[in-house]
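All remarks here apply to the structure that follows.
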Amino acid sequence: MDLPSQYNPKDTEKKIYQFWMKNGYFKPEKNAPKKSKGAYTVVLPPPNITGSLHLGHALNVTIQDALIRWKRMQGYKTLWVPGIDHAAIAAQNVVEKNLKKEGISRFDLGREKFLEKVWEWKEKYGDIILDQFKQIGISCDWSRCRFTMDKEYVKAVETAFQYYYEKGMIYRGKRVVNWCPRCQTSLSELELAHQEEKSNLWHIKYPLAENKDQYVTVATTRPETMLGDTAVAVNPKDERYKNLIGKKIILPIVGREIPIVADPMIDQAFGTGAVKVTPAHDMTDVEIGRRHNLETIQVINEYVKMNENTPAAYQGLKVAEARLKIVEELTGLGLIEKIEEYTHQVPRCSRCNALVENLPSWQWFVKMDELSQKAIKAVESGKIKFHPKHWENLYFSWLKNVRDWCISRQIWWGHRIPIWFCQTEPEKYFLSIKPPKKCLICKKCQPKQSEDVLDTWFSSALWPFAVLGWPNKKAKDLKTFYPTDSLTTGHDIINLWVARMIFSSLELLNKIPFKDVIINAMVKTKDGKRMSKSLGTGIDPLLMIEKYGADATRFGLAWQITELQDMRFDEANIMAGKKFANKIWNAARFVCWQLPDKEKIDIKITPRPKTETDKKILADFKELVKSTDKLLADFEFGKAIQDLYHFFWHNFCDIYLETAKKQISESQDKKLQANTRKILMYVLTNSLKLLHIFMPFVTEELYQVLPIKNKKKALIIESWPK
RNA sequence: GGGCGGUUAGCUCAGCUGGUAGAGCGUCUCAUUUACACUGAGAAGGCCACAGGUUCGAGUCCUGUACCGCCCACCA
């Protein structure tokens with residue numbers, strides 16, 4: 001046959017991908033031998049509907065595809081389930097931003113109309129990112145593609161909610177939560193991004209009730225919250241304040257009498273050692289308040305303005321304005337002792353970067369004590385392993401100190417909480433998955449459903465089993481493919497997502513969701529900067545595919561995989577991948593030329609070596625198969641592809657091919673000639689199998705044209721060499 | 001404040017249980033148009049962040065320091 005002297009990825013990739021799809025090789029029903037070795041399952045971490053492809057995705061799916069293709073060729077019944085996440089807050093924000101351009105807010109539209117807009121957006125953009133994944137060549141079973149808000153998935157979410165609710169693990173409570181004033185919703189602590197901010201530490205004198213000339217000086221970064229102070233706390237061991245404990249203070253401006261309490265949580269060394277306690281607006285103060293039965297006075301509302309519990313002059317002021325006014329007023333009263341410059345971390349919304357406020361609010365929570373214990377045990381016992389192992393530290397440290405999970409969000413896009421409130425007795429409520437015909441409390445009123453939706457991670461926590469058919473216990477996929485085998489993801493969502501999948505599965509199915517968690521490195525720029533669109537430092541993998549081909553892109557990424565936390569992306573590796581694809585192409589072209597017309601060679605039979613060089617290459621290849629299997633089993637993808645590269649380029653091309661030329665053209669020995677051809681074909685074709693998992697397109701294309709005896713229809717379903 | 005990564009050739013990175021440093025890319029020299037110039041052969045290039053310690057011997061183990069990065073945290 002006539003192959004051009006250069007491999008052309010563009011022509012090949014589309015054609016080959018369609019060929020695989022058409023033949024259903026990505027489906028487990030069609031890709032396994034009759035006697036399969038069992039199932040091997042992976043679920044794709046579902047990208048957001050707001051997302052566009054970045055190099056992190058490309059790296060992530062390259063790993064998963066290598067594993068899936070390896071297992072598939074080994075004779076496992078492989079399933080890789082793709083899908084998309086509805087990404088509640090993130091998606092809602094994007095649509096809101098678009099509306100804003102037209103000068104419309106979501107409140108102008110109303111809930112139903114707004115949701116229609118989000119659905120429109122989802123229909124339009126939801127599949128784009130998955131189409132991009134296809135260009136990388138990943139072998140997901142697209143017929144099983146799922147969305148976290150499709151009908152069956154909603155059922156899984158409702159079932160999980162009902163389960164927790166009926167077991168008493170979900171409760172409603174007025175708690176101090178992280179509140180994003182921009183998104184107008186509560187956030188979990190994992191959805192915060194702390195940012196350093198230069199501010200001041202104000203030292204404020206609080207006069208004693210019994211003698212107004214005596215003061216206790218408190219140090220605070222948030223003077224405006226003093227309007228909600230209900231105590232001053234000091235450390236019980238603090239000699240400076242010992243005799244003041246139990247005495248009263250008159251809160252300046254407000255005039256309220258508040259106690260001085262002793263709490264071991266107070267650090268004597270910080271500030272003045274005396275702390276104002278605002279149980280409504282500070283997470284620490286909540287604890288202190290609880291221990292000392294302090295009143296909670298909310299002074300900031302959800303629009304971060306001072307509310308009706310503050311003096312008239314403050315009501316309606318924004319927090320920042322109130323701060324200035326308070327400091328001014330205190331200065332006038334001579335109550336500011338000093339102002340220190342102070343740099344500290346302030347919480348911001350990880351979605352919109354707005355300053356997050358702590359305020360009391362009615363929310364729904366999942367009790368975490370039992371769940372976290374289960375999740376901890378599963379990893380401690382080794383049933384679930386992280387790779388690299390050190391990431392287990394991060395997992396444990398979160399779970400061991402975890403707070404109850406706030407699962408309600410005050411947004412519209414998401415799974416609405418299936419709780420209905422009685423209108424006669426508005427404090428009472430009941431669970432109902434379907435709209436109830438009548439109120440189960442008073443039997444008379446038309447109950448109203450909770451306005452809240454669930455945290456997006458509540459639904460993605462169910463991902464590995466929900467996509468396989470849970471809660472339908474008879475679901476065939478669930479039986480065949482669950483628990484899944486490996487999960488590949490980034491370290492940024494170990495607790496947001498991985499931990500929650502683990503305890504959800506343990507609680508709801510009494511099974512682990514996967515055995516191995518592969519944490520891939522964060523892809524950074526060559527200078528070690530974060531890749532981001534807004535900074536202009538992002539690199540679009542599609543551009544790499546356009547320039548060098550999908551195989552080259554995968555090669556370049558896989559080449560750089562190590563156990564490091566970050567990886568500095570170097571385009572040179574992708575260029576090397578392109579060269580390598582071409583090298584493979586030409587090696588195959590050369591081998592074809594050596595073969596007489598119409599001769600097909602059986603590659604299943606290992607040829608016998610006749611020369612030292614023959615012996616060496618066959619032994620090296622055998623060793624390569626063995627070590628590649630070991631490396632893949634240990635998830636050492638970078639080393640695996642580097643070894644394959646080295647073998648193919650140097651051992652096979654530089655040495656064996658050159659020797660083979662002599663053994664064929666310079667020798668008169670017909671048997672030697674024929675045997676050399678066999679070895680050429682044997683090593684070449686079997687190398688293509690090994691390389692296929694990283695570079696699927698070029699290897700498949702060549703497999704299709706090589707003269708192989710008893711050839712299968714495709715390399716993707718060929719058997720892995722032994 | 002705590003924890004976790006990292007610091008090895010110009011660049012991106014390997015170096016497992018300790019024995020005088022490796023790969024890819026880049027650079028230089030030569031070869032060749034005979035599978036591939038997206039080629040072949042070869043070469044140069046590193047007091048392995050720093051300071052101590054253990055050892056016959058340390059990039060590799062221990063202690064500490066510095067710098068870079070990430071994460072967690074109730075110093076208000």
Side-chain angles (χ1 to χ4, degrees), chain A residues 3-7 176 189-190 192-194 201-203 218-223 225-226 229 232-233 263 265-278 281-288 342 344-345 347 358 388 390-398 400-401 403 491-492 494-495 521-522 524 526-530 548-549 552 555-556 559-594 634 636 638-639 641-643 645-646 649-650 653-655 657-658 660-661 665 680 684:
Chain A
L3 294 175
S5 69
Q6 281 190 21
Y7 168 58
V176 175
E189 81 278 5
L190 292 175
L192 306 178
H194 291 266
L201 197 55
W202 284 273
H203 292 244
V218 299
T220 181
T221 54
R222 305 232 20 212
T225 63
M226 70 170 285
D229 282 3
V232 166
D263 197 288
M265 200 181 259
I266 306 304
D267 179 0
Q268 297 180 48
F270 187 85
T272 61
V275 180
K276 60 192 271 315
V277 182
T278 324
H281 298 288
D282 187 285
M283 292 292 187
T284 317
D285 294 1
V286 171
E287 305 274 318
I288 298 176
Y342 186 65
H344 64 147
Q345 302 274 326
N358 288 139
H390 68 80
W391 289 112
E392 289 176 5
N393 293 333
L394 179 64
Y395 174 83
F396 288 135
S397 69
W398 181 67
K400 284 178 181 169
N401 303 296
R403 291 208 184 101
H491 63 73
D492 51 337
I494 286 177
N495 293 323
M522 286 289 166
K524 300 249 180 113
K526 213 173 164 179
D527 321 316
K529 295 212 174 89
R530 185 169 235 125
Y548 307 107
F555 174 96
W559 182 275
Q560 276 205 283
I561 294 173
T562 66
E563 294 205 337
L564 293 180
Q565 168 185 290
D566 301 327
M567 124 176 181
R568 295 187 177 195
F569 173 72
D570 191 348
E571 192 171 330
N573 290 309
I574 294 184
M575 294 189 241
K578 184 171 186 257
K579 283 190 191 176
F580 187 42
N582 200 54
K583 187 76 178 176
I584 298 169
W585 182 263
N586 277 290
R589 205 158 68 105
F590 171 78
V591 171
C592 284
W593 285 2
Q594 304 307 314
D634 294 341
E636 291 189 56
K639 183 82 166 68
I641 196 160
Q642 288 172 35
D643 287 357
Y645 172 91
H646 191 271
W649 197 301
H650 301 294
C653 291
D654 291 347
I655 298 172
L657 243 59
E658 293 307 316
K661 284 178 191 171
S665 61
L680 279 173
L684 171 71

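Naming: A, B, ... by sequence-line order, numbering from 1 per chain.
What you find for A:Val218 and A:Val232 is that their closest heavy atoms are CG1-CG1, 4.0 Å. Listed here is the closest heavy atom pair of A:Trp202 and A:Pro223: CE3-CD, 3.4 Å. When all heavy atoms of A:Gly271 and A:Ala219 are compared, the closest pair comes out as CA-CB, 4.0 Å. Of all non-hydrogen atoms in A:Asp570 and A:Gln560, the two that sit nearest each other are N-OE1, 3.2 Å.
Within the 4.0 Å cut-off from OP1 or OP2 of B:G40, at least one side-chain nitrogen or oxygen of A:Trp649 is found. For A:Lys639, no side-chain nitrogen or oxygen approaches OP1 or OP2 of B:A14 to under 4.0 Å. For the pair A:Lys583 and B:G40, the criterion of a side-chain N or O lying under 4.0 Å from OP1 or OP2 is met.
The P atoms of B:G22 and B:G69 are separated by 32 Å, rounded to the nearest whole Å. The separation of B:C4 from B:G64, taken at their P atoms, amounts to 12 Å, rounded to a whole angstrom. Nucleotides B:C62 and B:G18 are separated by 11 Å at their P atoms, to the nearest Å. When the C1' atom is compared between B:C25 and B:C38, the two are found 13 Å apart, to the nearest whole Å. Separation of the C1' atoms belonging to B:G45 and B:A23 is 15 Å when rounded to the nearest angstrom. With P as the reference atom, B:C56 and B:G1 are 40 Å apart, rounded to whole Å. When the C1' atom is used for both B:A31 and B:C70, the distance is 49 Å, rounded to whole Å. Taking atom P in both B:G10 and B:A44, one finds a spacing of 15 Å when rounded to whole Å.
Straight-line distance from the CZ atom of A:Phe396 to the C1' atom of B:G2: 18 Å, rounded to whole Å. The distance from atom CD of A:Glu571 to atom C1' of B:G26 is 14 Å, rounded to the nearest whole Å. To the nearest angstrom, P of B:C38 lies 19 Å from CG of A:Asn573. A:Asn393 has its CG atom 7 Å from the P atom of B:C4, to the nearest Å. The CH2-C1' distance, from A:Trp585 to B:C36, rounds to 12 Å in whole Å. The nearest whole Å value for the distance from the NE2 atom in A:His390 to the P atom in B:C4 is 11 Å. Distance A:Lys526 NZ to B:C25 P: 13 Å, rounded to the nearest Å. For the pair A:Trp593 CH2 and B:A35 P, the computed distance is 6 Å after rounding to whole Å.
When both distances must be under 3.5 Å, the Watson-Crick or G-U wobble mate of B:A44 does not exist. In this entry B:A21 has no Watson-Crick or G-U wobble partner, no candidate having both defining distances under 3.5 Å. In a base pair of the Watson-Crick type (N1 to N3 plus N6-O4 or O6-N4) or a G-U wobble (N1-O2 and O6-N3), with each distance short of 3.5 Å, B:G64 is matched with B:C50. Base pairing of B:A14: no nucleotide in any strand meets the Watson-Crick or G-U wobble criterion (both distances under 3.5 Å). With both pairing distances under 3.5 Å, B:U34 is matched to nothing as a Watson-Crick or G-U wobble pair. The nucleotide B:C74 finds no pairing partner, because no Watson-Crick or G-U wobble arrangement with both distances shorter than 3.5 Å includes it. Base pairing of B:G69: its partner is B:C4, meeting the Watson-Crick or G-U wobble criterion (both donor-acceptor distances under 3.5 Å).
Contact annotation for A:Tyr645: backbone-only contact, meaning every heavy-atom pair under 4.0 Å involves sugar-phosphate atoms and none involves a base. Counting any heavy atom pair closer than 4.0 Å across all strands shown, A:His650 reaches sugar-phosphate atoms only and no base atom. A:Asn401 comes within 4.0 angstrom of no nucleic acid atom, judged by non-hydrogen atoms across all strands.
When the nearest nucleotides of RNA chain B are assigned to A:Trp559 and A:Thr562 by heavy-atom distance, the more 5′-ward of the two goes with A:Thr562. If A:Leu657 and A:Glu636 are placed on RNA chain B by their nearest nucleotide, the residue sitting closer to the 5' end is A:Glu636.
A:Trp391 and A:His491 have parallel rings, their planes meeting at less than 30° on a 0 to 90° scale where 60° marks the start of perpendicular.
For A:Lys524, taking side-chain heavy atoms from C-beta onward, the closest of the listed nucleotides B:G69, B:G24, B:C38 is B:G69. Closest to the side chain of A:Gln565, from the set B:C4, B:A35, B:C25, is B:C4. Nearest nucleotide to the A:Asp566 side chain, out of B:G69, B:U39, B:G6: B:G69. When the nucleotides B:C38, B:A35, B:A23 are ranked by their closest atom to the side chain of A:Glu658, B:A35 comes out on top.
Side chain A:Glu563 to base B:G5: no donor-acceptor pair is found below 3.5 Å. At a cut-off of 3.5 angstrom, counting only N and O atoms as typed in the model, there is a donor on one side and an acceptor on the other between the side-chain of A:Gln6 and the base of B:C38.
Cation-pi check for A:Lys400 over A:Tyr395 is not met; the charged atom does not lie both under 6.0 angstrom from the ring centroid and within 45 degrees of its normal.
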Step by step, would you call A:Tyr7 with A:Ile584 a side-chain contact (heavy atoms from CB on, under 4.5 Å)? CA-CA 9 Å; A:Tyr7 168 58; A:Ile584 298 169; over 6 Å; no

I need a per-nucleotide contact map over nucleotides 71-76 of chain B, read 5' to 3'. Cutoff is protein heavy atoms under 4.0 Å; write B for the base, S for backbone only, - otherwise. S-BBBB

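With 3.5 Å as the limit, one finds a donor-acceptor pair spanning the side chains of A:Thr225 and A:Lys276.
Taking the side chain as every heavy atom from C-beta outward, A:Met283 and A:Arg403 approach each other to under 4.5 Å.
A:Phe555 and A:Tyr548 have their aromatic ring centers separated by at least 6.0 angstrom.
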